[in-house]
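Heads up, the thing below is written out as structure tokens.
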Amino acid sequence: MYVTRSAIIQQINKLEEELDTKLFERETHSIKLTEAAKRILPLAKKMVSLEDDMVDIVSSLSKTITIGTIFAKQPILMNKAIAKNVDFRHKFNIEFEMLYGLTNINPDIDFIETYEANKLIDDAFDFLPLLYKNIYIAMPENNPLSKKQTIDFDDLKGYSVAMVQNGISVMSDSIKEQFDHYPEITIKNYGVYDSAFFAKAQYNNYLICIADGIEANLKSYVFRPLNIDLKAQYGLYYRKDASEPAKKFYNLLVETWDLK
């Protein structure tokens, strides 16, 4: 047990004093449990087991990383990270929580996997871009533009295109600036990409400017890439005052993506 004999005897003596009960019958070459010790032995084993469980739970909580997801059906980044580096599974307990907005975020959330929307999200977070997504125009299957392989701005003249409102994201605002060069294209601002946004756009039969990865919300639509140099940034928002486990997680993530 890597403990001296005298130290163990001192602990036994202390326990017997506290319980005011003799627990061991000491003989010259052996030691036996007293009847009292036999009675409390099952309880002692439970106490040891409970202590082990407590240590496991606290250890688990200290390594738990909670990632908020939004707009995506599955955590794209974490699937890629875990495939690249098995240390994520060994070193952390990763939990996922669906978010329904980017303000008043649960303080237990360490990271948020989503598109860059730095004008909207809580000031407690900074953004780490990890993937760059193409910009698409989504349209009903019967729209004439669905026959094209790519969409140019000239193709959109005369159409109404739904986009997120101004001030949500630097990237979306930059895309909108390019649309401004084509007054024949009517831009419809519909808040953020949520169920209400898509319901309004589909009800009015508008085209939708959307980033790759959000198309799961538009199963009946077809998607054609917009001929534009800009790409949407997809990554993780991380807390500025991150916990130690979150900092370690962040460093491993940067290492996995070779961002150093």
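Keep in mind the model is a prediction, meaning the values are calculated, not measured.
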Q) Do we see a donor-acceptor contact under 3.5 Å between the side chains of Y237 and E116? A) no
Q. Side-chain donor-acceptor pair under 3.5 Å between K188 and N204, yes or no?
A. no
What's the separation between atom [atom1] in [X] and atom [atom2] in [Y], rounded to the nearest 0.5 Å?
| X | Y | atom1 | atom2 | result |
| --- | --- | --- | --- | --- |
| I8 | N13 | CD1 | CG | 12.0 Å |
| F96 | I109 | CZ | CD1 | 11.0 Å |
| D152 | N227 | CG | CG | 4.5 Å |
| L15 | T21 | CG | OG1 | 9.0 Å |
| E25 | L33 | CD | CG | 9.5 Å |
| M171 | S174 | CE | OG | 6.0 Å |

Within a reach of under 6.0 Å around [atom1] of [X], are more than 12 heavy atoms found that belong to other residues, nucleotides or ligands?
| X | atom1 | value |
| --- | --- | --- |
| K248 | NZ | no |
| D229 | CG | no |
| D241 | CG | yes |
| K32 | NZ | no |

Q.
Using side chain to side chain contact (heavy atoms under 4.5 Å, CB included), reason through I105 and F125 one step at a time and then give a plain yes or no.
A. CA-CA 10 Å; I105 296 167; F125 290 85; 3.9 Å; yes
Polar side-chain atom of [X] near backbone of [Y] as donor-acceptor pair, under 3.5 Å:
| X | Y | result |
| --- | --- | --- |
| N106 | D108 | yes |
| R224 | L145 | no |
| T66 | E95 | no |
| K22 | A36 | no |
| E16 | L23 | yes |
| R26 | I31 | no |

What is the minimum heavy-atom distance between [X] and [Y], and which atoms define it?
| X | Y | value |
| --- | --- | --- |
| Q165 | D173 | O-OD1, 4.4 Å |
| V222 | P140 | CG2-O, 4.1 Å |
| F223 | A138 | CE2-CB, 3.5 Å |
| Y159 | P144 | OH-CD, 4.0 Å |
| L131 | W257 | CD2-NE1, 4.4 Å |
| D110 | I65 | OD2-CA, 3.5 Å |

Q: Sequence neighbours left out, what passes ring-ring contact (aromatic ring centres under 6.0 Å, His included) with Y250? Give chain and number order.
A: Y238
**Q.** Qualifying residues under side-chain contact (heavy atoms from CB on, under 4.5 Å), relative to K231, sequence neighbours excluded
**A.** Y132, N134
Q. When hydrophobic residues are tied together by side-chain contacts of less than 4.5 Å, even through go-betweens, does I9 share a cluster with F24?
A. no
Q. Are I12 and M47 connected in a single hydrophobic cluster, I mean Ile/Leu/Val/Met/Phe/Trp/Tyr linked by side-chain heavy atoms less than 4.5 Å apart?
A. no
pair [X]-[Y]: side-chain heavy atoms closer than 4.5 Å:
| X | Y | value |
| --- | --- | --- |
| I67 | F249 | yes |
| F197 | I210 | no |
| L130 | L253 | yes |
| I40 | L19 | yes |
| P245 | T64 | no |
| F127 | Q233 | yes |
| N143 | Y221 | no |

Q: Dump the intermediate steps for salt bridge (Lys or Arg N to Asp or Glu O under 4.0 Å) on K14 and E17, then the final yes or no.
A: CA-CA 5 Å; K14 184 178 178 181; E17 288 176 8; over 6 Å; no
(Q) Applying the side chain to side chain contact (heavy atoms under 4.5 Å, CB included) criterion to C209, which one of I151, L156, V161 satisfies it? (A) V161
**Q.** F153 and F179 aromatic ring geometry - parallel, tilted or perpendicular at 30°/60° bounds
**A.** perpendicular
Could you give the side-chain donor-acceptor pairs of residues 77-91 under 3.5 Å, partners two or more places apart or in another chain?
| residue | atom | partner | partner atom | Å |
| --- | --- | --- | --- | --- |
| N79 | ND2 | P75 | O | 3.4 |
| N85 | OD1 | D87 | N | 2.9 |
| N85 | ND2 | T256 | OG1 | 3.3 |

